[in-house]
Amino acid sequence: MRKYNHKKIEEKWQKKWEDDHVVKIDKDDTKKKFYMLDMFPYPSGEGLHMGHTESYTASDVFTRFKTMQGFNVLHPQGFDAFGLPAENYAIKTGIDPKTSTAQNISNFIVQMKSLGLRYDFDEKVVTYEPEYYKWTQWLFGKFFDNNLVYKKTSKINWCESCQTGIANEQVIGGECERCGTQIVQKEIPGWFFKITDFADALINDLDTVDWPEHTKKNQRNWIGKSEGALIKFSISNFQFSKEKTEEKQIKVFTTRPDTLFGATYMVLAPEHPLVQDLVIGLPNKVEVEKYILDSRKKTEMDRIEGKEKTGVKLEGIFAINPAIARSEGFRANSEEIPIFIADYVLSGYGTGAIMAVPAHDERDFEFATKFGVEIKEVISGGIIKERAYSGDGILVNSGQFDGMDSEEAKKKITEFVGGELTTNYRLRDWSMSRQRYWGCPIPIVYSPEGEAKCIPEEHLPWLLPTDVDFVPSGKSPLEKSVEFRERTEKIFGEGWTPEFDTMDTFVDSSWYFLRYPDVHNEKEFCSEKRKEWLPVDLYIGGAEHTYMHLLFSRFFVKAMNKIGLLDFNEPFLKLRHQGMVLDGEGKKMSKSKGNVTNPDEMVERFGADSTRTYMLFAAPLEDEVMWNEDNIVGVYRFLEKVFYQVDKLEKESSKEVQNSLHKTIRKVGNDIDELKYNTAVSEMMKFMNVVKNYQISQEDFEKFLKILAPFAPHIAEEIWESLGNKSSIHLEKWPEYDVKLAKDDTYVIAVQVNGKVRAEIEIGDGASEEDVKEMVFSDLQIKKWIGEHEVKKSIYIKNKIFNIVV
RNA sequence: GCCUGAGUGGCGGAAUUGGUUUACGCGCACGACUCAAAAUCGUGUGGAGAAAUCCAUGUGGGUUCGACUCCCACCUCAGGCACCA
C-alpha cells in the first residue's frame, strides 16, 4: 500500500500544473464570465499570514468550483506594494524600498504557490511598477481636469524631525514612532479628493449591492448624513479687539434647532478661526492661549478618549441666543450666554462651533455639570438629574413655541431666527498627500509663480526618482532628489518645481481591480472590450477595510463613471468578509506576542491540502478562527481515509452510499455557493463515514473526488490520476446530483406533547398526516403522556414534528 | 464616549432560518490489535439522578402549540473610530 506523502504529492502537482499551464485563462473567451477578487496583500517582510491564507483559500475554492461549473473565472492576484513599512525598513537598513519589496513579493508568490492557490502571476498588478502607476497618475489627471481634486491646508499630526504627517497609529504616547519627537498638530497644504461630492450616492447605492448588512450600516454611519440647521449667534461685549469693531458672529451647525431655547452656552473648537480675534484683550488671555497650545499636542484619538471634559471660558464676552433675544417675556439679559473653548468640539465637523444644550445632549450635560453652567429643560420628557434627555418631545420654556413637537419646531425655530436648514455629513474629503518617498508621485508641477499644473499624459509615468536619501533630515525625501528637480525644469522650464508629496497608498488600491482584466495594456488602463469583465462579481477580504478602502474604491468608480470612463456605479457586486485568525487561546496574533503561526510551517507539517481544508472547516468564513494545531489532525485523517479508499473500491455502490453521495453533492454545491465552507467540509466527512461501512464503486468515488478537488486540489488530483485518468481533475465538470437518489425513504419524526419531545417514530416517505396521526396516537409512550387530558389541538410539520397540545 | 458584531458540551463549532439542541471534528474514557508504545479500528461521551424524570443555547422578562432563532431590558467579551453636536 502506498503511503500518503503530502509533501511529495503537492510538489509534484504544483510543478505539473504550472508546466501544463492549468492556471492560465483566456480573458477573451466568450464563456460566461465570473470575476472573483481578493484584496491584494501588502507584501510585508513577515510574509503571508494566516488571515491571507484563509481568505485566499476561500476564493480559490470558489474559483475552482465556478470553473467546474463552466464559468470563465478571472481570479487575479497582485501586490499593494507602496507603503510606509518598506520606507521605515529603508531608514533602518539603508536598503532601497524597491529591493526589499521585490524580495518580499517573490517570497509571497512562493508561499501562495505552496498553498496550491491558482493565480496566474504573469497577470499580476504591482502598484510600484511604473506600468501600473502611470495609470494611477493618469486617473489623478482626469480627476484634476474634472474638478474632483483640489488643494487646501488641513491640520494633521506632524513630526518636525521627520518632516512628515503621521497617522494616529504611529503616535506612541504623543511621540513619533520612528524618532520619538513630540508630535504637534500642524496646518499643512495637501491635495484632497472630493469624495463628499458623492456622499449621497455612496449612501444610496449601497441598496444595490449584496454586501453584509453590518458593513453597509457601518459605511452609512461613517458617511453620517444628518439633517440640521445653520444658526448664527452674535457676540456681545466684544470690545477687546481694537481694529475689528464690526459685529462678530459665530455660526453653528445643529441637528436640534428645536432645542435652541435651551442653549445655555457655546463652545468653539480650539482651532476655530474666530478664537484668534476673540482672545485679544481677554482678561484670562494667558489661560486660554495655554489651553489652545495644550490641545495642539493632543491627537484626535486623545481627544476622543479623554474621559474628562476640559475647556476654558472666554471671560467677559458673551454670545446672544438669537431665539431668546427675539422672544418676548424672558428675563433681562437671559439671552447672553457664556462662550467656552473646549476640545470636545472638533474643527473638522460642521462649523467647528456648537450651541450647547446641556439638558438634551449627554456631552454638553457632562461639560455643563463640571463647569457649573445653567441646564435648562426645553423638551419635556424630563431631565433626570444625572443625565440629559436627548430624545424628541414637546417644547417647554420656549416662548411662543411651547407645546409644539420637536419635528415641527426644528423648522419653525430655524425660520424664526433666520437660520438655514442644511444637510451635514460626517464624511470629510479624502486627504491624499503624503510626505513620503515610497509612494506614487503626484503628477503636479508648479510654475515659478506657484501655480499648480497637472503633468500631461505624454510625460507619464512621472517616475519616482531614485537618487534620494531615506534618512530623515528635516526635509521630505523627494526634495533631496537632484534628478527630480532637473527633470522638471528640463520639461517645463526654469523655475518650475515638482510636487514633492506622494500619494496615499489607498489611491493605488482604489482602482487596482479595474486593471486586472488588461494588465499589459500600454495604451489604456483597460480596453473597452476587457471592461466586460467589470465590475467584480465577488470580493472577499477583511472587515477592517470597511471605511477606507471599500469607500474609496466606491468613490473612484463613481467619479470615473461621472467622467465617462466606466459605465457602472459600484465596483463590488457581492462582498464577504473573512474573520480574523486568532491563536489557540483566542488572542490576536502579533509579532510582539510571539504567537504568530506561519502558513509555511503548517504546509510543511500537514500539507497544503490539510491546511486549506482545516482553515475552512474550523469556523464559518466570516467568524474568527482559532488556530488550534491539535484540531488539524482531524482533517488530515479524513484526507488519509480518502487516499486509502482507492484500495477498497467495488463494482457497485450500496444504496446507502448512493443516497449519501447525492445528498453530499447537493449540499457541498449549495454550501460553496453560499460560502459556507465549514459545513461543506463536514458533509464530506460524513460521507466518508458512510463509505467506511458500505461499498462504493470507482465511478461514485470519482464523483466524490470532484467535489473534494476545490478544497484539497493536490490529493484529489493524485488519486484521480492513480485511478487511470489522464487529464486533470480540475478540468472536469462539477457532478450533477440525482434528486431521486438523494431522497430518503423514511424519516424519524419527533412526537411532542405540549412542545416537549416524548417519543420518536419512523414514518415512510410520503406518509399522509392521517397515517402519522394514527401512528402517533397508538404509541404507548404518547398514550401515557396524554393520559386523561383532553387533546385540544395537534400540529404536524411534514417529516419533522407532530405536536399534541393537551 | 460612539459604531458594529458575538455569547450553544471540556474545546472549535452544527441546527433545513420558528420545528427533535449539541451534526462534523478535536479531546477524553473503555475495548481490540501489540511484548509494549505509537498509529489504526470499534464503543461511549451536555449536566444532575439508582430510576422515573428534571435541568441546560450569557442573565431576566415577553410573544408562540413550540424560541439558539422573534421582541424588550440588562451583563460580558471582541473589533473599529474622525467626541459628529
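Worth knowing before you read on, the calculation uses all heavy atoms, side chains too, and leaves out hydrogens, waters and symmetry mates. Since the model is a prediction, treat every value here as computed from it, not as a measurement. Naming: A, B, ... by sequence-line order, numbering from 1 per chain.
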(message) Would you measure the distance from the C1' atom in B/A23 across to the matching atom in B/C74 and give it in whole Å?
(response) 33 Å
(message) Output the rounded distance in Å from CG (A/N218) to P (B/A82).
(response) 14 Å
(message) Taking B/A29 as the reference, what is the distance to B/U17 when you measure between their C1' atoms (whole Å, please)?
(response) 37 Å
(message) From CD of A/Q752 over to C1' of B/G18, roughly how many Å is that when rounded to an integer?
(response) 12 Å
(request) Nearest whole angstrom, please: distance from the P of B/C55 to the NZ of A/K756. (result) 4 Å
(request) Send over the distance from A/F606 CZ to B/G25 P, rounded to a whole Å. (result) 18 Å
(request) Consider the side chain of A/V757, meaning its heavy atoms from C-beta on, and name the nucleotide among B/C26, B/A85, B/U21 that approaches it most closely. (result) B/U21
(message) Considering every strand and a 4.0 Å limit on heavy-atom distances, what is the contact class for A/K667: base, sugar-phosphate, or nothing?
(response) nothing
(request) Give the dot-bracket string for RNA chain B, reading 5' to 3', where a pair is Watson-Crick or G-U wobble with both distances under 3.5 Å, ( ) marks pairs inside the strand, [ ] marks pairs crossing earlier ones, | marks a partner on another strand, and . marks unpaired. (result) (((((((..(((......[....)))((((((.......))))))(((....)))..(((((..]....))))))))))))....
(request) Could you tell me whether the side chain of A/N221 has a donor or acceptor atom within less than 3.5 Å of a complementary atom in the base of B/C3? (result) no
(message) Considering every strand and a 4.0 Å limit on heavy-atom distances, what is the contact class for A/N689: base, sugar-phosphate, or nothing?
(response) sugar-phosphate
(request) Check the side chains of A/S610 and A/H6 for a donor-acceptor pair under 3.5 angstrom, ignoring hydrogens and angles. (result) no
(request) Calculate the interatomic distance between A/M548 atom CE and B/C81 atom C1'; express it in whole Å. (result) 10 Å
(message) With nearest nucleotide decided by heavy atoms, which residue, A/G755 or A/I632, maps closer to the 5′ end of RNA chain B?
(response) A/I632
Nucleotide N/O to protein N/O under 3.5 Å, stretch nucleotides 12-14 of chain B:
| residue | atom | partner | partner atom | Å |
| --- | --- | --- | --- | --- |
| B/G12 | O2' | A/A618 | O | 2.7 |
| B/A14 | OP1 | A/N678 | ND2 | 2.6 |

(request) Can you figure out which of B/U20, B/C81, B/C84 approaches the side chain of A/R428 most closely? (result) B/C84
(request) Let me know the distance between CG of A/D343 and P of B/G1, rounded to the nearest Å. (result) 17 Å
(message) Considering every strand and a 4.0 Å limit on heavy-atom distances, what is the contact class for A/N628: base, sugar-phosphate, or nothing?
(response) nothing
(request) Decide, for B/G9, between syn and anti: a glycosidic angle within 90° of 0 counts as syn, anything else as anti. (result) syn
(message) Applying a 4.0 Å non-hydrogen cut-off, can you work out what A/S226 is touching in the nucleic acid: base, sugar-phosphate, or nothing?
(response) sugar-phosphate
